Amino acid sequence: MYLTAQARRLMQLGQKFHLPYFANARLIATTQTVHGFREQDPSFATRIIHGAQEPEQWSDGNPVVMPISLTTTFKQPAPGKFLSYEYSRLNNPSRNTVERVVASLEGAKYGLAYGSGMAAITTVFNLLSPGDHIVSSVDLYGGTSIYLKQVADRLNIKTTFVADVTDPANIEKAITGNTRLVWMETPSNPGLKMVDIEKVAEIVRRRKDVLLAIDNTFLSPYFQRPLELGADIVMNSATKYLNGHSDVLMGMLLTSNDGVHDRLRFLQRTIGAVPSPFECYLLNRGMKTLPVRMRQHMENGLAVARFLENHPSVERVLHPGLPSHPQHELAQRQCYGHSGMVTFFLKGGKDECRAFVKGLKVVILGESLGGYESLVKIPALMPETYQLDVPVNLIRLAVGLEYVGDLIADLDQALRAVRSS
Ligand code: PLP
C-alpha cells in the first residue's frame with residue numbers, strides 16, 4: 001500500500017508512544033491522497049481551526065470564538081498616537097483575524113480582505129498605470145472580463161486575452177515590454193481549463209517587472225496553493241468555497257511579496273472596499289469546515305461527472321479529475337483535489353438547455369457556486385452584458401453537499417424530460 005509521509009510520521013509516533021489510535025495511521029493518512037491528486041497536508045484542518053486565532057489575542061476572558069469588533073474607531077492615548085488600531089476602514093480586529101487565517105492557508109506572508117471578489121480583483125488592477133499591459137485569458141469570469149474590457153481599457157490599461165492558456169508558450173508570446181501583470185484563472189470559469197502555474201511563473205520570473213496573479217476561487221487553498229508554485233498574488237472570491245454557505249460576499253488577496261503587500265494594503269485603505277466585521281465573522285465561521293466540505297464536494301462532483309459522462313443526452317463532460325479531461329495529468333500534479341465544479345455540453349441547443357433546467361427539482365437555477373446547495377447556470381443565456389463567448393449548450397454545475405444519489409436522480413429525470421419534450 002502507498003504510504004504518505006504523514007502516515008509514516010503517525011505510525012512512528014504510534015510505535016514510540018504505544019498509541020492504539022495511531023495503529024490506524026495507514027487508514028487516516030492514506031486517505032490524504034485522493035483520486036490521484038497531490039498529497040494533502042492533513043494539518044491544514046488544524047490550522048484552519050486554531051491558526052492565527054488564539055483566544056488570548058482578543059478581549060478579556062479568552063473567548064474561543066472570534067468576537068465581532070463593530071467599533072469604527074479606537075480610543076487614542078494621545079493626539080497622533082494609536083494603540084493597535086485607529087479606524088476600522090484602515091484596520092479592524094475581526095478583519096485582521098480572517099486576513100491572517102487565509103494567509104496561513106495559502107502559505108502567504110500577508111492576507112488582505114475586501115468587500116467582494118471583484119473588489120479584490122480590481123484592487124490588483126489598480127496596481128497598474130495608464131500605458132501598462134495585462135495578459136489574461138479568453139476563458140475568464142465574466143465580471144473580470146467586463147472590468148478589463150470596459151473599465152481598465154478606458155484608463156488605457158490594455159489586455160491581451162489569450163485564446164489557449166493551456167499552452168504556456170501562448171502566454172509567453174503575449175507578454176510585451178509594457179506587460180506588468182499576468183492574470184490567470186485556473187481552473188477557469190466556465191471552461192475548467194488548467195494553467196500550468198509553475199511553468200507560467202518561470203516565464204514571468206524572467207521579467208522582474210511582471211507579476212503573476214492567480215484567481216483560485218474554483219478550488220480554494222484546500223485544493224490548490226498557487227504561491228507554492230511561484231505565483232506572486234492569489235485571489236479568492238471568499239463568497240464561494242471559502243465561506244461555503246452562500247451568505248457572505250467577500251474577496252481575499254494573498255501575497256508573500258513585501259512591496260506588493262504594501263501597495264495592496266495602501267489601496268485597500270484608500271479605496272475602502274473593505275468587508276464589514278460581521279461578514280468577517282461569518283467567513284471565519286464558514287471556513288472552519290472547509291476541508292470537510294471540499295472533500296465532499298469532490299466526491300459528489302466526481303460521481304455526478306461520471307454519471308453525466310455515461311448519459312446518452314450528454315455530448316461531453318469537463319472535470320479535471322476525469323481521465324478524459326485534456327489536462328487531467330496537470331490537474332493531478334498541481335492540485336490537491338477538485339471542487340464540485342462540473343461543466344458539460346448537452347446534446348441540443350438553447351431550447352434543450354432551457355427544458356433541462358426547468359425540469360430540475362433539487363438543483364437550483366442560480367448564480368454563484370461554492371455553497372452547500374447545488375446550483376446550475378447556462379452562461380450563454382445570461383443577460384447580454386454578462387454573456388461570454390461560450391457554446392450555447394454549455395452547462396455549468398456547482399455540485400453541492402446534498403446526498404449524491406438524490407442529485408443524480410434529479411439530473412437523470414431532468415435529462416429524460418428534455419428527450420421527451
Ligand atoms: N472569480 C471567479 C472565478 C468567480 O466565479 C467570481 C464570482 O462568481 C468572482 C471571481 C467574483 O467574486 P465576487 O462575486 O465575490 O465579487
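Values below: all heavy atoms of this structure, side chains included; hydrogens, waters and symmetry mates excluded. As the structure is a prediction and not an experimental result, all values here were calculated from the model. Counting begins at 1 with the first residue of the sequence. For ligands, and for the atoms within them, numbers begin at 1 and follow the listed sequence.
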Candidate list D139, V182, L330, I171, test side-chain contact (heavy atoms from CB on, under 4.5 Å), partner V195, passing option: I171
Protein heavy atom at shortest distance from atom 14 (O) of ligand 1: K240 NZ, 3.9 Å
Can you list the ligand 1 atoms lying under 4.0 Å from a non-hydrogen atom of I121? 10 (C)
Considering both backbone and side-chain atoms of L249, is one of its nitrogen or oxygen atoms within less than 3.5 Å of a nitrogen or oxygen in ligand 1? no
Can you confirm, on distance only, whether ligand 1 has an N/O atom lying under 3.5 Å from any N/O atom belonging to N189? yes
Checking side-chain contact (heavy atoms from CB on, under 4.5 Å) against N216, which of L227, N236, I197 comes through? N236
Which of the numbered atoms in ligand 1 are under 4.0 angstrom from any heavy atom belonging to S116? 15 (O), 16 (O)
Polar contact flag, side-chain donor to acceptor under 3.5 angstrom, H35-E299: yes
Mark yes or no: R225 above the aromatic ring of Y336, with NZ or CZ under 6.0 Å from the six-membered ring centre and no more than 45 degrees from the axis. yes
I need the contact type for T144 against ligand 1. Using non-hydrogen atoms and a strict under-4.0 Å cut-off, is it side chain, backbone, both or neither? neither
Heteroatom distance test (R396, ligand 1): nitrogen or oxygen, under 3.5 angstrom: no
Closest to atom 12 (O) of ligand 1 by heavy-atom distance, out of G142, S237, G251, is S237
Please write down residue, atom name and distance for the protein heavy atom closest to atom 1 (N) of ligand 1. D215 OD2, 2.7 Å
May I ask you to check whether R416 and Q413 show a side-chain donor-acceptor distance below 3.5 Å? no
